[in-house]
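Report on one structure; see the data block that follows.
Note that the structure is a prediction, hence the values are computed from the model and not measured. Residue numbers start at 1 and run along the sequence shown.
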Amino acid sequence: MEKTTADLHALAGLDLAEYDRLVAALYDAAMDSRLWHIPMEQLRDLFVANYVTLILRVPDQSDAGLMIVAGNVEGEGKVTYLTYPHSSTPFINQPVDKVFTVDDLMSEKDWRESSYYQHWCGPKGVYHVMGVDIATPDSGKLRFRITRPESAPKFSVRDRALCELILPHLRRALNMHNQLDRSQSMGALYSQAIGRLSVATIVLDESGRVLQQNVIAQEILAGADGLKLVGGRLEASYPSDNRELQRLVRSAFARQGKESPPIAEAVSIARPSGQVSLVVVVESVPSLEWAESKGQPAVVVYIRDAVGKSLASTAVTKQLFNLTPAETALCLELANGLSLEEAAEVLNIRRNTARAHLRAIFSKTGVRRQTELVRIMLNSVMAVGQAEIPTQRLRGG
């Protein structure tokens, strides 16, 4: 008969305060991968184990595998991320979510004579093994292993009950972590794509302070030509433009958190340099917060600078139209607003050479005028190809 949670608590005999600390640590680690060492060390102490291991990925032809180990592995420290070198062990193909020990699977003689024990476990002081393969809704199968040296007692009925008690929380924490990591990775990709389209993005909190800005926004604000930061807040250079900008921001704040779809409003911001005005779009960020909180994204500001250089990808441009390197370089300079003569000077080529390249480009792209070429350059998928701009990588465990 399947044990209830109350049965498991009774068998495990775990102090409720200690149980609460462990569960809280697991969910904290789910939100921040830098905190996994805390529950891993708590688990090692709880089971009086020499190692506690989470096998996140088993190796295949394209992946070296990954595991988190609590325990001093070859002097590396308490908790270490390591490659997982074993695609074949005595513990493969176990029923998911069922706790097992070595004694359930083989005799002591077979265990001692197995190549896995002789080459991997024995030399590292691993003899008693308890584990469970964890099935997560969206992240596949993960493997949890707890080990002790031969001098320690075997894993008991109490140890099994304790493992079963922790299992649901460990499963949820791991699945939460993978979902958040996936969401952050997608967010980083979207942010990079917007940057490659030469669109500046600025995120404001509920007080109007700037929370985030991409590379394009940093360049625009550093120039202080039309828009600038004053005391951490976004302002326009001219008072009349600033009044309209602040009105749009306040209007977006008023809509923030409402169930209706976000409404975007736009304003043209004049530049003291006399260059073409900046186009600014202000939109509220939908809120899913259940409780009042501070410092949360409330408004996003998009800025298009017609004067700024395009960040179209050289490689994608070349592949898309089958251009030579010289033709690609000319294409990109034209997309950045230079005339044919100016592009020839920047590229240090003769005007006649530039004209010959342009004729070849027209033939390959199917356009007849330079304005049409620039239009297809800026509107095609090449703008979101891998561009040569600085990016930040969000890492998850």
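For the atom pair Asp159 CG and Thr101 OG1, the distance stands at 10.5 Å (nearest 0.5 Å). Taking CZ of Arg304 as the start and OG of Ser277 as the end, the distance is 14.0 Å to the nearest 0.5 Å. Remark: Thr147 OG1 to Lys124 NZ distance equals 11.5 Å, nearest 0.5 Å. Here Ser251 contributes atom OG and Glu283 contributes atom CD; the two are 11.5 Å apart, rounded to the nearest 0.5 Å. With rounding to the nearest 0.5 Å, the separation of CD1 in Ile202 from CD in Gln212 is 11.5 Å. With rounding to the nearest 0.5 Å, the separation of CG in Leu234 from CD in Gln246 is 7.0 Å.
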Kindly indicate, with the supporting measurements, whether the criterion side chain to side chain contact (heavy atoms under 4.5 Å, CB included) is fulfilled by Ile166 and Leu26. CA-CA 10 Å; Ile166 294 164; Leu26 284 171; 4.3 Å; yes
Is there a side chain to side chain contact (heavy atoms under 4.5 Å, CB included) between Val129 and Tyr51 once you walk through the steps? CA-CA 10 Å; Val129 179; Tyr51 300 108; over 6 Å; no
Salt bridge (Lys or Arg N to Asp or Glu O under 4.0 Å) between Glu41 and Arg44, worked out: CA-CA 5 Å; Glu41 275 295 301; Arg44 193 163 78 96; 3.3 Å; yes
Would Lys364 and Thr324 count as a side chain to side chain contact (heavy atoms under 4.5 Å, CB included) if you check the C-alpha gap in whole Å, the side-chain angles of each, and the deciding distance to 0.1 Å? CA-CA 11 Å; Lys364 292 178 180 180; Thr324 66; 4.0 Å; yes
I would like to know whether Asp133 and Leu142 meet side chain to side chain contact (heavy atoms under 4.5 Å, CB included); could you show each step before the answer? CA-CA 6 Å; Asp133 290 358; Leu142 305 164; over 6 Å; no
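Counting heavy atoms from C-beta on, the side chains of Leu227 and Val280 come closer than 4.5 Å. Looking at heavy atoms from C-beta onward, Leu334 lies in side-chain contact with Leu358 at the 4.5 angstrom threshold. Ile146 is not listed as a side-chain neighbour of Leu43, based on a closest heavy-atom distance of 4.5 Å or more. The shortest distance between side-chain heavy atoms of Glu327 and Phe321 does not fall below 4.5 Å. Within the 4.5 Å cutoff, no side-chain heavy atoms of Arg271 are placed close to those of Ser237. Side-chain atoms of Leu105 and Pro90, non-hydrogen and from C-beta on, never get closer than 4.5 Å to each other. Inter-residue side-chain proximity for Phe100 and Pro95 is flagged as unmet; no heavy-atom pair is nearer than 4.5 Å.
A donor-acceptor contact shorter than 3.5 Å links the side chain of Asp241 to the backbone of Ala270. Between the side chain of Asp20 and the main chain of Ala17, no donor-acceptor pair closer than 3.5 Å is present. At least one donor-acceptor pair under 3.5 Å links the side chain of Arg148 to the backbone N or O of Pro153. Between the side chain of Trp111 and the backbone N or O of Tyr127, at least one donor-acceptor pair lies under 3.5 Å. Checked by atom type and distance alone, the side chain of Arg143 never pairs as donor or acceptor with a backbone atom of Ile92 at under 3.5 Å. At least one donor-acceptor pair under 3.5 Å links the side chain of Arg209 to the backbone N or O of Gly231.
Under 4.0 Å is where a charged nitrogen must lie from a carboxylate oxygen, and between Arg247 and Glu244 at least one such pair does.
Judged by distance alone, the side chains of Arg355 and Asn352 do bring a donor and an acceptor atom under 3.5 Å apart.
Residues Val126 and Met106 share a hydrophobic cluster, clusters being chains of Ile/Leu/Val/Met/Phe/Trp/Tyr side chains in contact below 4.5 Å. No continuous path of hydrophobic side-chain contacts links Val279 to Val199 [ILVMFWY only; heavy atoms under 4.5 Å]. Under the 4.5 Å side-chain heavy-atom criterion for ILVMFWY residues, no single connected hydrophobic cluster contains both Val132 and Val96. Two different hydrophobic clusters hold Val48 and Val99 under the rule that ILVMFWY side chains link at heavy-atom gaps under 4.5 Å. Criterion: ILVMFWY side-chain heavy atoms under 4.5 Å apart, direct or through other members. Under it, Ile220 and Tyr238 are not part of a common hydrophobic cluster.
The two residues Tyr117 and Pro123 have their closest heavy-atom pair at O-CD, 3.8 Å. Considering all non-hydrogen atoms of both residues, Ile38 and Ala25 come closest at CG2-CB, 4.0 Å. Across Phe253 and Ala298, no two heavy atoms sit closer than the pair CE2-CB, 4.0 Å. Residues Gly226 and Pro272 come closest through the heavy atom pair N-CD, 3.5 Å. Taking every heavy atom of both residues into account, Ser284 and Ala252 meet most closely at CB-O, 3.3 Å. What you find for His357 and Leu330 is that their closest heavy atoms are CB-CD2, 3.6 Å.
Here salt bridge (charged side-chain N to carboxylate O under 4.0 Å, His left out) pairs that include residues 102-113, with residues two or more places apart or in two chains, are Asp103-Lys154, Asp104-Arg160, Glu108-Arg112, Lys109-Glu113, Arg112-Glu150.
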What donor-acceptor contacts under 3.5 angstrom involve side-chain atoms of residues 338-349, with partners at least two apart or in another chain?
{"from": "Ser339", "atom 1": "OG", "to": "Glu342", "atom 2": "N", "distance (Å)": "3.1"}
{"from": "Ser339", "atom 1": "OG", "to": "Glu342", "atom 2": "OE1", "distance (Å)": "3.3"}
{"from": "Glu342", "atom 1": "OE1", "to": "Ser339", "atom 2": "N", "distance (Å)": "2.9"}

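The aromatic rings of Tyr19 and His169 sit perpendicular, their planes meeting at an angle over 60°, well past the 30° parallel limit. Ring geometry, Phe47 versus Phe155: the interplanar angle exceeds 60°, so the pair is classed perpendicular (tilted spans 30 to 60°).
Between Gln213 and the choices Val203, Leu229, Ile303, Val301, the side chain to side chain contact (heavy atoms under 4.5 Å, CB included) rule is met once, by Leu229.
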